[in-house]
Enquirer: 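This structure is in structure tokens; I'll ask about it shortly.
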Amino acid sequence: MNVVPASTKRLVLSLYRDLLRYGAQLQHTDQDYFLNRIRREFRQSASLTDPKEIEFCYKRGRALLDRARVI
């Protein structure tokens with residue numbers, strides 16, 4: 001069983017908070033839908049242990065913030 005490093009957990013938690021902040025600022029998109037989708041995605045990904053899968057999900061979330069639009 002793989003153990004996720006604490007530094008990775010901190011990065012993921014920081015991404016989660018950043019996405020929630022971003023969602024709270026949306027004006028042209030349904031905020032409730034966006035925030036619920038973020039929560040659902042993170043809940044579904046919480047059991048990931050493969051570093052490559054975690055990295056892929058992290059990069060996907062970071063890309064959403066970098067482009068500042070909903071995927």
Side-chain angles (χ1 to χ4, degrees):
M1 183 166 133
N2 294 337
V3 177
V4 179
S7 60
T8 301
K9 289 181 181 183
R10 280 193 296 272
L11 284 174
V12 170
L13 184 57
S14 176
L15 174 63
Y16 180 71
R17 289 179 184 144
D18 291 345
L19 285 167
L20 291 179
R21 280 189 211 106
Y22 171 70
Q25 297 172 2
L26 292 177
Q27 295 177 5
H28 300 291
T29 303
D30 183 5
Q31 287 182 0
D32 291 334
Y33 169 78
F34 181 83
L35 295 174
N36 286 331
R37 181 172 174 194
I38 294 299
R39 290 182 186 110
R40 184 176 62 246
E41 291 280 340
F42 273 81
R43 258 187 255 116
Q44 290 174 348
S45 301
S47 61
L48 294 178
T49 56
D50 180 19
K52 289 184 181 192
E53 288 182 49
I54 294 170
E55 182 180 1
F56 174 78
C57 291
Y58 178 82
K59 286 182 178 180
R60 189 170 145 217
R62 188 52 57 190
L64 187 146
L65 286 175
D66 291 345
R67 286 192 304 258
R69 65 183 183 135
V70 178
I71 296 175

Enquirer: Within this structure, what is the OH-CG distance for the pair Y58 and L15, rounded to the nearest 0.5 Å?
Expert: 6.0 Å
Enquirer: Only counting residues at least two apart or in another chain, list the ones meeting ring-ring contact (aromatic ring centres under 6.0 Å, His included) with Y16.
Expert: F42
Enquirer: Is there a path from F56 to V12 through hydrophobic residues (I, L, V, M, F, W, Y) whose side chains come within less than 4.5 Å of each other?
Expert: no
Enquirer: Go through the structure and list residues passing side-chain contact (heavy atoms from CB on, under 4.5 Å) with L48, not counting sequence neighbours.
Expert: S45, E53, I54, C57
Enquirer: Provide the closest heavy-atom pair for F34 versus L19 in the form atom of the first, atom of the second, distance.
Expert: CE2-O, 3.5 Å
Enquirer: Mind checking the OH-CD1 spacing from Y22 to I38? Nearest 0.5 Å is all I need.
Expert: 9.5 Å
Enquirer: Determine the minimum heavy-atom distance between R60 and R37, stating which atoms define it.
Expert: NH2-NH2, 4.0 Å
Enquirer: Can you list every salt bridge (Lys or Arg N to Asp or Glu O under 4.0 Å) pair that touches residues 13-29, not counting sequence neighbours?
Expert: D18-R21, D18-R62
